[in-house]
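By convention here, the first residue in the shown sequence is residue 1. What you are looking at is a predicted structure, and each value in this text was computed from that prediction instead of being measured.
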Amino acid sequence: MVAILMRAALSILPVIIRLKFFHYCRPHILSHSFCLHQDLLRLACSDIRFNSLYALALVICTLLLDAVLILISYVFILHTVLAIASHKERLKSLQTCVSHICAVLVFYIPIIGLTMVHRFGKHLSPSVHVLMGNIYILFPPLMNPIIYSVKTQQIRSRMKKWCSLKM
């Protein structure tokens, strides 16, 4: 746990510290409902190349490292789950693994989308940037309870009944 916190703090500190020394000459209006690094860079009149390249490299390295570590851990988990003797226990464990994978994807896909919109979508409407920022902030915490509750039998049967009534 300490290693994870140290990795996060040490990797983000150079970018945050450099923000303090920038000269900001554009209107101090952020395009999101929260403080986003890309927004602050857009307001700066100083040379932002280091922050821009470092942040992109940090996102890519972090996502790649996290993806590799998650993949390795799921290989170990699936190896252990498939060694379980009971078919019923195997299905229940696999169902939990699928829920975890969905929760991980719900966290990573919005951040990748937000990064890509800010990096390559400069020509897009500001509404797209705001929408992606709000999705990044709101989507994961809203979807996590849904992802983990769908695996309960009572909720699943209710959802099937509700969907069959709608069609």
Margin query: Looking at every heavy atom in both R18 and N51, which two are closest together, and how far apart are they?
Written below: NE-OD1, 2.9 Å
Next item on the list: Check whether L58 and Y136 end up in the same hydrophobic cluster, where Ile, Leu, Val, Met, Phe, Trp and Tyr are linked by side-chain heavy atoms less than 4.5 Å apart.
Entry: no
Note to self: What's the separation between atom OG in S125 and atom CG in L131, rounded to the nearest 0.5 Å?
What the structure shows: 10.0 Å
Check: With side chains defined as the heavy atoms from C-beta onward, is the minimum distance between L56 and S52 less than 4.5 Å?
Finding: no
Next item on the list: Can you see which heavy atom on M132 is nearest to which on V117, and at what distance?
Entry: CG-CG2, 3.7 Å
Checklist line | Spacing of CG belonging to L94 relative to NZ belonging to K92, to within rounding of 0.5 Å | finding: 13.0 Å
Check: Hey, what do you get for CD1 (I101) to CD1 (I77), rounding to the nearest 0.5 Å?
Finding: 8.0 Å
Check: Is the backbone of Y148 close enough, under 3.5 Å, to the side chain of S99 for a donor and an acceptor to pair up by distance?
Finding: no
Notebook entry, point to check: What distance do I147 atom CD1 and L142 atom CG have between them, rounded to the nearest 0.5 Å?
Noted result: 11.0 Å
Notebook entry, point to check: Got a second to check how far I135's CD1 is from I111's CD1, nearest 0.5 Å?
Noted result: 13.5 Å
Check: Closest approach of A8 and S11, non-hydrogen atoms and distance?
Finding: O-OG, 3.1 Å
Checklist line | Hphob cluster co-occupancy, V59 + I16, side-chain heavy atoms under 4.5 angstrom | finding: no
Notebook entry, point to check: Please walk me through it: do Q95 and L91 pass side chain to side chain contact (heavy atoms under 4.5 Å, CB included)?
Noted result: CA-CA 6 Å; Q95 193 177 30; L91 285 176; over 6 Å; no
Margin query: Quick check: is L63 connected to L114 through a chain of hydrophobic side chains (ILVMFWY, heavy atoms under 4.5 Å apart)?
Written below: yes
Next item on the list: Kindly assign one of parallel, tilted or perpendicular to the pair F50 and Y54, based on the angle between their ring planes and the thresholds 30° and 60°.
Entry: parallel
Checklist line | Taking every non-hydrogen atom, the tightest pair across P110 and F139 | finding: CG-CD2, 4.0 Å
Note to self: Tell me the closest heavy-atom pair linking V106 and M143, and the distance in Å.
What the structure shows: CG1-CB, 3.7 Å
Note to self: Please tell me whether I109 and V68 are part of a single hydrophobic cluster in this structure, the criterion being side-chain heavy atoms less than 4.5 Å apart.
What the structure shows: no
Notebook entry, point to check: Between Y24 and L19, what is the shortest heavy-atom contact and its length?
Noted result: OH-O, 2.7 Å
Checklist line | In one Ile/Leu/Val/Met/Phe/Trp/Tyr side-chain cluster, 4.5 Å: I70, L78 | finding: yes
Notebook entry, point to check: Taking side chain as C-beta onward, heavy atoms only, is N144 less than 4.5 Å from F107?
Noted result: no
Checklist line | Distance in Å, I60 CD1 paired with I112 CD1, rounded so as to fall on 0.5 Å steps | finding: 10.0 Å
